[in-house]
Amino acid sequence: MSVDKETVKKIASLSRIAVTEAEADALVPELNNILGWVEQLSEVDCSNVEPMTAVIPNKLRLRDDVVTDGNVRDKVLANAPVADHGFFAVPKVIE
Amino acid sequence: MAEIFELGISGIRSGIASGDFSAKEVAETFIARVSAAKSLNAVLVETPDHALAAAEATDKAKAAGETLGKMAGVPIGMKDLFCTEGVATTAGSLILEGFTPQYESTVSSNLFKAGAGMLGKLNMDQFAMGSSNETSAFGNVISPWRRNDGGNTDLAPGGSSGGSAAVVAGRIAPAATGTDTGGSIRQPAAFVGITGFKPTYGRCSRWGTIAFASSLDQAGPMAHDVRDCAIMLEAMSGFDPKDSTSLDLPVPEWEAGLKSDLAGKRIGIPKEYRVDNMPPEIEALWQQGIEWLKDAGAKIVEVSLPHTKYALPAYYIIAPAEASSNLARYDGVRYGMRDLPDGAGLQDMYAATRESGFGPEVKRRIMIGTYVLSAGYYDAYYTQAQKVRTLISQDFDKAWESCDLLLTPTAPSAAFGLGEKSDDPLAMYLNDVFTVPSSLAGLPAISVPAGLDGQGLPLGLQVIGKALDEQSVFNAGLALEERAGFVAKPEQWW
């Protein structure tokens with residue numbers, strides 16, 4: 001499987017990364033090189049093999065359903081590029 | 001007596017205990033070393049006040065006759081992947097420029113509770129994606145080592161924990177934290193002639209460590225020698241309810257358990273690790289390592305890990321897949337930088353922010369990860385890679401039927417020059433050929449400096465152990481260390 005420029009632009013868009021035409025052109029061979037190399041995995045017979053889910057057997061723990069923190073609004077917002085009235089601020093989403 | 005700056009963790013501990021010097025003197029010594037080493041570009045933010053405050057606390061505790069913590073009076077370097085409260089943290093990326101964590105990572109917090117101070121935040125490959133420290137947005141780290149050809153080619157310190165490797169090798173910090181996703185502690189440790197340890201997945205909490213590939217990321221120590229790594233790992237690890245994959249197990253006393261007599265231990269030599277084009281010096285060092293372990297009483301057995309050659313391609317599906325998901329959080333809304341072109345809406349803001357904030361290697365991996373997880377390709381790439389990962393893990397399980405530990409080289413070459421491999425992502429990926437399989441299986445592994453090549457550059461040997469058997473890995477590392485007698489240090493030119 002190899003990618004063309006249209007696919008690269010689609011992946012970039014799904015990744016929310018803006019790319020110029022020139023960048024998309026450059027990415028086509030770069031990504032194909034890497035994808036061509038990982039392709040060799042298809043030659044491994046994996047019938048009856050379960051995909052790995054945890055390297056070290058470990059149970060997902062349950063914790064008590066209690067509040068363990070909170071009242072830290074200013075800390076949560078401290079690193080926001082723009083915060084207004086106690087909220088994260090973003091450009092207008094609905095016209 | 002050795003100068004203070006030449007001491008590692010255990011040396012500082014005994015010097016403070018016997019009153020040869022105070023913790024304050026230690027902190028002042030290393031603070032001066034840090035500020036004199038700017039040309040290596042290893043430290044992104046200097047935090048002398050943190051180191052001094054921790055030192056004063058140690059001196060006060062000692063004067064009051066209190067029991068000192070495991071890391072008391074030891075000022076360390078902190079890889080910039082660990083969130084440190086009130087101290088800028090960037091993971092080597094512009095997208096986190098200006099980010100000041102409001103909380104402390106569990107690993108750094110554990111180290112500080114054990115008495116360590118922090119000298120500064122260390123440069124690294126951007127989001128830990130790289131093997132040479134050349135993907136940092138804040139410039140390359142330059143290795144303190146130089147070739148013995150009289151030239152002054154700048155060498156890579158390895159990566160992604162390149163700043164950590166450089167400061168410990170240059171005796172700019174007595175020890176540093178690292179993180180290892182596919183070899184990012186062990187390969188740089190080998191490149192600069194220090195000891196690096198990656199514990200079993202789950203020993204060190206990932207909470208507050210900026211995520212790259214969550215099923216692989218593990219923190220570990222980078223230090224002068226095996227003993228120092230054991231001390232530091234004891235302080236770093238431990239159960240943390242805030243990390244769902246943290247192991248709920250007591251932390252063993254690895255330092256107390258150190259023993260270089262390997263009688264009764266069986267060491268496996270995986271035949272698939274004899275890769276093409278391995279430099280003869282590395283082949284010879286590996287053979288030498290076998291002799292050293294025999295001398296320590298171990299029995300050598302040949303083993304097979306048949307899926308080894310598929311480890312790197314599986315890794316380069318799994319790690320980017322996890323990264324593409326983890327790095328989705330950098331959106332210009334909650335932290336870090338925002339790029340808002342004139343008149344742009346929310347989606348354009350995301351795309352512009354991520355375009356200007358991420359470096360080329362990070363973008364490449366996010367896009368690979370996005371592709372292999374996308375509809376229609378998920379099973380062919382991602383599920384297949386996770387199945388291969390199961391087979392790789394089973395290879396190790398099978399090997400453990402006939403041996404207790406594995407001995408391999410750490411990296412397929414000595415350090416290379418900056419710029420020599422950065423144009424070819426695949427050539428760079430191959431650096432991790434010996435470290436990635438054990439990462440995929442979550443196993444503990446150490447890199448021990450074992451010799452110099454013809455250019456006068458360090459080479460490392462790697463010992464891999466069974467899950468949770470860090471002790472045997474430390475012990476075999478110690479047996480190698482005692483026999484290698486590695487004392488070479490870079491000459492100070494910076």
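Quick note on labels: first sequence line is chain A, next is B, and so on, each numbered from 1.
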Can you name the residues that form a side chain to side chain donor-acceptor pair (under 3.5 Å) with A/K5, not counting sequence neighbours? A/E21, A/D25
Choice from A/S13, A/A18, A/A12 maximising heavy atom contacts with chain B below 4.5 Å: A/A18
Ranked by heavy-atom pairs below 4.5 Å to chain A, first place among B/L391, B/T383, B/D248 goes to B/L391
Structural part of B/A441 lying under 4.5 Å from a heavy atom of chain A: backbone
Show me, pair by pair, the donor-acceptor contacts under 3.5 angstrom made by side chains of residues 336-365 of chain B, not counting sequence neighbours?
| residue | atom | partner | partner atom | Å |
| --- | --- | --- | --- | --- |
| B/R338 | NE | B/G332 | O | 2.8 |
| B/R338 | NH1 | A/A89 | O | 3.2 |
| B/R338 | NH2 | A/A89 | O | 2.6 |
| B/R338 | NH2 | B/G332 | O | 3.1 |
| B/D339 | OD2 | B/S356 | OG | 3.0 |
| B/Q347 | OE1 | A/R16 | NE | 2.7 |
| B/T353 | OG1 | B/D339 | N | 2.9 |
| B/T353 | OG1 | B/D339 | O | 3.4 |
| B/T353 | OG1 | B/M349 | O | 2.7 |
| B/R354 | NE | A/S15 | O | 3.0 |
| B/R354 | NE | A/R16 | O | 3.0 |
| B/R354 | NH1 | B/L327 | O | 2.8 |
| B/R354 | NH1 | B/Y330 | O | 3.1 |
| B/R354 | NH2 | A/S15 | O | 3.0 |
| B/E355 | OE2 | B/K363 | NZ | 3.1 |
| B/S356 | OG | B/A352 | O | 2.9 |
| B/E361 | OE1 | B/R364 | NE | 3.1 |
| B/E361 | OE1 | B/R364 | NH2 | 2.6 |
| B/E361 | OE2 | B/R365 | NE | 2.7 |
| B/E361 | OE2 | B/R365 | NH2 | 3.2 |
| B/E361 | OE2 | B/Y429 | OH | 2.8 |
| B/K363 | NZ | B/E355 | O | 2.8 |
| B/R364 | NH1 | A/E30 | OE1 | 2.6 |

Measure distances from B/L440 to the heavy atoms of chain A and classify the residue's part below 4.5 Å as side chain, backbone, both or neither. backbone
Quick one: are B/Y381 and A/L35 in side-chain contact, heavy atoms under 4.5 Å? yes
What are the residues of residues 58-72 of chain A, in order of number, with any heavy atom under 4.5 angstrom from a heavy atom of chain B? A/N58, A/L60, A/R61
Table please: side-chain donor-acceptor pairs of residues 41-56 of chain A below 3.5 Å, with sequence neighbours left out.
| residue | atom | partner | partner atom | Å |
| --- | --- | --- | --- | --- |
| A/S42 | OG | A/E39 | O | 2.8 |
| A/E43 | OE2 | B/K309 | NZ | 3.4 |
| A/E43 | OE2 | B/Y310 | OH | 2.5 |
| A/D45 | OD1 | A/S47 | N | 3.0 |
| A/D45 | OD1 | A/S47 | OG | 2.6 |

Quick one: are B/M367 and A/L31 in side-chain contact, heavy atoms under 4.5 Å? yes
In terms of heavy-atom pairs under 4.5 Å, which option from B/S374, B/S246, B/A467, B/S324 contacts chain A the most? B/S246
Roughly how far apart are A/W37 CH2 and B/L430 CG, rounded to 0.5 Å? 6.0 Å
Please rank A/A83, A/A80, A/P81 by heavy-atom pairs under 4.5 Å with chain B and give me the top one. A/P81
Do you know which of B/A314, B/S215, B/G369 has the most heavy-atom pairs under 4.5 Å to chain A? B/A314
If one checks every heavy atom of B/T100 against chain A at 4.5 Å, the contacting part turns out to be both
Most contacts with chain B, counted as non-hydrogen pairs under 4.5 angstrom, among A/L77, A/I34, A/V8: A/I34
